[in-house]
Each structure stands twice: as structure tokens, then as C-alpha cells.
Amino acid sequence: MSDAWAARTGLTAILITVPELADFTHRWRSVSRSTARPHVPLTELIPPHITVLVPWVGEPTSDDVRRLKEAVASHEPFELSFQTIGQFPNGTAWLKPEPFDAVCSLLVSVYEAFPECPPYGGEFPDPHPHLTISSATEGAPAVVAEATEALAATPAPTVQLTELGLWREGGDGVWRQFDAVQL
């Protein structure tokens with residue numbers, strides 16, 4: 001597997017941002033680096049989030065935003081909690097969003113509205129919704145163990161999902177929100 005799609009600059013994405021988890025995830029995200037932008041910690045590139053769709057359309061138009069609004073029109077706001085830690089085979093440690101089925105349903109609605117934008121450039125045909133806390137390949141089991149202990153001691157905040165954020169990566173590799181679509 002390659003992250004060739006991620007090496008591109010100026011990408012757009014649809015994200016569920018959860019800045020309320022920044023304090024909880026900072027200890028891991030502040031020392032973790034993206035494979036596409038290894039010179040900057042995750043905390044400086046983008047807030048804690050669940051990726052809905054990346055890459056999205058290159059230059060989103062009002063028609064693209066309308067399609068997104070129509071795609072999510074049947075989804076009501078709901079509470080998100082993060083009670084489980086997981087790890088992908090590449091070492092990425094993550095928090096699982098719950099209710100998982102509701103998050104998956106939301107993602108499928110967006111994918112169906114934008115078939116020309118396969119998630120992760122088509123690299124992962126069946127994406128697993130998650131909030132990355134560490135993309136480190138070395139030491140990942142220790143991160144998972146530490147995060148599991150941290151969750152047991154102090155649960156991560158529960159947040160209300162009310163919108164999908166529309167984000168663009170700048171030339172500096174930092175992601176900035178430029179719009180949002182309400183659920």
C-alpha cells in the first residue's frame with residue numbers, strides 16, 4: 001500500500017472534527033507525524049477528526065456542497081463517544097467512534113453522493129471510521145496500552161455531531177476549514 005494520494009498538496013476533505021478531544025489526544029498526536037508530512041506533528045496539521053471523505057473534489061462548487069447537503073439530509077445530529085482503542089496493521093493507533101453503525105451510515109451516504117471521489121484515493125475500498133491518535137509504527141503497542149489506561153481512568157469527552165466540516169490543505173500542509181454542512 002502507498003499513500004500516493006496523500007503526498008499531493010491542496011487536497012480537500014470532508015471531516016467530522018472533534019476539537020473537544022484535543023486535550024485527551026494531545027500527548028500522542030503532538031509526537032506523531034503524518035507519513036505525507038513527517039516534519040510536522042499531527043497537532044499542528046489538523047485537529048482531532050474522523051475522516052469522512054478524502055480526497056474530495058479539487059475545487060468544491062456550490063453544486064458539490066448542495067450534493068453533500070442532500071446526501072446527509074436524512075441524518076440527524078447524534079452524540080459521539082470514544083470508548084475503544086484500536087490499531088491498524090501499519091501501527092496507526094486510533095479511537096473508535098460510537099455509535100459506529102451511525103458513523104458508517106453517514107460515510108456511505110457521502111460516498112454514494114460522490115462516486116468520483118473514492119475514499120483515500122481508492123486505496124482502502126472499505127474504510128474503517130476512526131480518530132487517529134498516533135501514526136507511529138514503532139512503539140504503537142505502547143501507545144495503545146497507554147491510551148487504553150487513559151480511557152479507563154478518564155473517559156474521552158462525548159461530543160455532539162451536528163455538522164460535517166469542509167477542509168482544504170494549504171501549501172504549508174496545514175488543514176483549514178472553509179465551510180460546513182449541518183446535519
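Just so we're clear, the structure is a prediction, and the values are computed from it rather than from any experiment. Worth knowing before you read on, the calculation uses all heavy atoms, side chains too, and leaves out hydrogens, waters and symmetry mates.
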With heavy-atom distances below 4.5 Å as the criterion, would you say the side chains of [X] and [Y] are in contact?
{"X": "Val54", "Y": "Tyr120", "value": "yes"}
{"X": "Val103", "Y": "Glu98", "value": "no"}
{"X": "Thr92", "Y": "Ser134", "value": "no"}
{"X": "Leu164", "Y": "Thr17", "value": "no"}
{"X": "Leu15", "Y": "Val52", "value": "no"}
{"X": "Pro60", "Y": "Leu166", "value": "no"}
{"X": "Val31", "Y": "Leu42", "value": "no"}

State, to 0.1 Å, how close [X] and [Y] come at their nearest heavy-atom pair, and which atoms those are.
{"X": "Arg67", "Y": "Ala113", "answer": "NH1-O, 2.9 Å"}
{"X": "Gln177", "Y": "Ala180", "answer": "NE2-CB, 3.5 Å"}
{"X": "Pro118", "Y": "Pro55", "answer": "O-CD, 4.2 Å"}

Worksheet item: Who pairs with Asp179 by side-chain hydrogen bond (donor to acceptor under 3.5 Å, both in side chains), at least two apart in sequence or on another chain?
Response: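 Here no residue qualifies.
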Item to complete: Name all residues meeting the side-chain hydrogen bond (donor to acceptor under 3.5 Å, both in side chains) criterion together with Thr61; count only those two or more places apart in sequence or in a different chain, and write none if there are none.
Response: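 Thr61: side-chain hydrogen bond (donor to acceptor under 3.5 Å, both in side chains) contacts with Asp64.
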Pairs of donor and acceptor atoms involving the side chains of residues 43-50, under 3.5 Å and at least two apart or interchain, shall be tabulated with distances.
unit_1	atom_1	unit_2	atom_2	d
His49	ND1	Pro47	O	2.8
His49	NE2	Thr51	OG1	3.4

Fill in: Set of salt bridge (charged side-chain N to carboxylate O under 4.0 Å, His left out) partners for Glu20, sequence neighbours left out
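Residues passing salt bridge (charged side-chain N to carboxylate O under 4.0 Å, His left out) with Glu20: none at all.
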Worksheet item: Roughly how far, to the nearest 0.5 Å, is the CD atom of Gln182 from the OG1 atom of Thr162?
Response: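 Here the rounded value is 5.5 Å.
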Worksheet item: What's the spacing between Leu106 CG and Ile16 CD1 if we round to 0.5 Å?
Response: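 Answer rounded to 0.5 Å: 5.5 Å.
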Item to complete: Establish whether Val18 and Val110 are linked, either directly or via other cluster members, by ILVMFWY side-chain heavy-atom contacts under 4.5 Å.
Response: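 Cluster IDs for Val18 and Val110 match.
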Worksheet item: Under 4.5 Å between side-chain heavy atoms, hopping through other hydrophobics if needed: is there a path connecting Val159 to Ile14?
Response: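 Same cluster: Val159 reaches Ile14 through Ile, Leu, Val, Met, Phe, Trp or Tyr contacts under 4.5 Å.
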Just list the side-chain donor-acceptor pairs under 3.5 Å for residues 142-155, sequence neighbours left out, or say none.
unit_1	atom_1	unit_2	atom_2	d
Glu146	OE2	Trp28	NE1	3.3
Thr148	OG1	Val144	O	2.7

Item to complete: Take Ile133 and Trp94 through the side chain to side chain contact (heavy atoms under 4.5 Å, CB included) test and state the conclusion after the steps.
Response: CA-CA 5 Å; Ile133 60 171; Trp94 44 264; 5.6 Å; no
Practice prompt. Examine distances only and state if a side-chain atom of Ser105 and a backbone atom of Asp101 form a donor-acceptor pair shorter than 3.5 Å.
Written response: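 Such a contact is absent between Ser105 side chain and Asp101 backbone.
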Discussion item. Taking Arg176 first and then Asp172, would you say they form a salt bridge - that is, a charged N and a carboxylate O separated by under 4.0 Å?
Written reply: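 Salt bridge between Arg176 and Asp172, a charged N being under 4.0 Å from a carboxylate O: yes.
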Side-chain donor-acceptor pairs under 3.5 Å in residues 69-85, sequence neighbours left out?
unit_1	atom_1	unit_2	atom_2	d
Glu70	OE1	Arg66	NH1	3.0
Glu70	OE2	Arg66	NH1	2.8
His75	NE2	Ser109	OG	2.8
Ser81	OG	Gln83	NE2	3.2

Worksheet item: Do His128 and Phe100 have their ring centres less than 6.0 Å from each other?
Response: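 Between Phe100 and His128, which both carry aromatic rings, the centre distance is below 6.0 Å.
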Practice prompt. Kindly say whether the aromatic ring centers of Phe114 and Trp56 come within a distance under 6.0 Å.
Written response: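 Yes; Trp56 has its ring centre under 6.0 Å from that of Phe114.
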Worksheet item: Taking atom types as modelled and ignoring hydrogens, do the side chains of Ser32 and Ser135 form a donor-acceptor contact shorter than 3.5 angstrom?
Response: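 Their side chains do contain a donor-acceptor pair, which is all the 3.5 Å distance test asks for.
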Fill in: Worked verdict on Trp167 versus Phe178 for ring pair (Phe, Tyr, Trp, His ring centres under 6.0 Å)
CA-CA 6 Å; Trp167 290 71; Phe178 64 89; 8.9 Å; no
Discussion item. For Leu68 and Val65: C-alpha separation, side-chain torsions, deciding distance, then whether side chain to side chain contact (heavy atoms under 4.5 Å, CB included) applies.
Written reply: CA-CA 5 Å; Leu68 179 58; Val65 173; 5.6 Å; no
